[in-house]
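Indexing begins at 1, ligand by ligand and atom by atom, following the structure's order. Being a predicted model, the structure only gives us computed values, none of them experimental.
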Amino acid sequence: MLNIHRAVLDDAAHIAQVHIASWRETYQGLVPDDFLNNLSVERRTAQWAASLLNPADEYHNVLVAEVDQKIIGFANFGNERENDANYRGELFAIYILKSSHNKGIGRKLVHKVAQDLLTRQVESMLVWVLAKNPARRFYERLGAKLLREKQIEIGGVDLLEAAYGWADIRQLANGGEWAENARAANQI
Ligand SMILES: CC(C)(COP(=O)(O)OP(=O)(O)OC[C@H]1O[C@@H](n2cnc3c(N)ncnc32)[C@H](O)[C@@H]1OP(=O)(O)O)[C@@H](O)C(=O)NCCC(=O)NCCS
C-alpha cells in the first residue's frame, strides 16, 4: 500500500538511510567508491533534520513515499537555485530504493511535487541529473526537455550533469489524476 506525504522531523533518519542506500545503488561506477563509502547516515540525518526543522531552509520541502508504512523513497524540491531565466522550481533530488523501482512510484512523487509547487504559484521546474545516469530517461518519459549540460565535481572527479525542464508543470500536476482516472476507466 503506497502512501505519499510531506516529511516530518521524525522521518529524517529514514530519509537519510534511503538517500545513502540509493546513492550507492545508483552511482557505483559513476562516482568514486571512496566518496560513496564515506557517506554517513548520521551526518545525513542531521542535515535532513536541520532542513525539515527550518521552513526557510532551501531543502525544507520533502515528500516521502511509504510502502506498508516504510519509507522507500523521497523527493526534495523548492525554488530553482541558479536564477534560471525561465525555470522557477527545482526538483533537487528523487531517490527510490531499487527494490521499488518501475512501479510508478517515481511518477507519482513527481506529480505531487508539481502539485505542491503550483500551490506556491511556481509553474515551471527543472532537475539536474548525471549525464550517465539512466534516470534521465525517466524525466524524458515524464515530458521534460533537455536544457543544457555543465561540469560538476564529486569526490574529486569531474562529471557531466544534464538539466531537464518542464516549462509548464500544470500537465505534470494533473498527470496523476488523469492517469488514475483513465486506468480506472480501463482506457490505458
Ligand atoms: C529515477 C527514479 C526516481 C524513477 O522512479 P520509478 O518509480 O522507478 O519510475 P516509474 O515506475 O514511475 O516510471 C515512470 C516511467 O519512466 C520510465 N523509466 C523509469 N526509469 C527509467 C529508466 N532508468 N530508463 C528508462 N525509462 C525509465 C518507466 O519505464 C515508466 O515508463 P512508462 O510511462 O512507459 O510506464 C528511480 O528509478 C530512482 O530512484 N532511481 C535511482 C536514483 C536516481 O537516479 N535518481 C535521480 C537522480 S537525478
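For Y164, the side chain to side chain donor-acceptor pair (under 3.5 Å) partners are R136, E140, not counting sequence neighbours. Taking the side chain to side chain donor-acceptor pair (under 3.5 Å) definition, one finds that R88 meets it with nothing, sequence neighbours left out. Here E82 pairs with K150 under the salt bridge (Lys or Arg N to Asp or Glu O under 4.0 Å) rule; sequence neighbours left out.
Ring planes of H19 and F74: perpendicular class, angle over 60° (limits at 30 and 60°).
Between R120 and D116 there is a salt bridge, since at least one side-chain N of the basic residue sits less than 4.0 Å from a carboxylate O of the acidic one.
Using a 3.5 Å distance cut-off with no hydrogens or angles, the side chains of R6 and N61 do pair a donor with an acceptor.
Residues lining ligand 1 at a heavy-atom distance below 4.0 Å are given as S22, T26, Y27, I94, Y95, I96, H101, N102, K103, G104, I105, G106, R107, W128, V129, N133, P134, A135, R137, F138, Y139, R141, ordered by chain and residue number.
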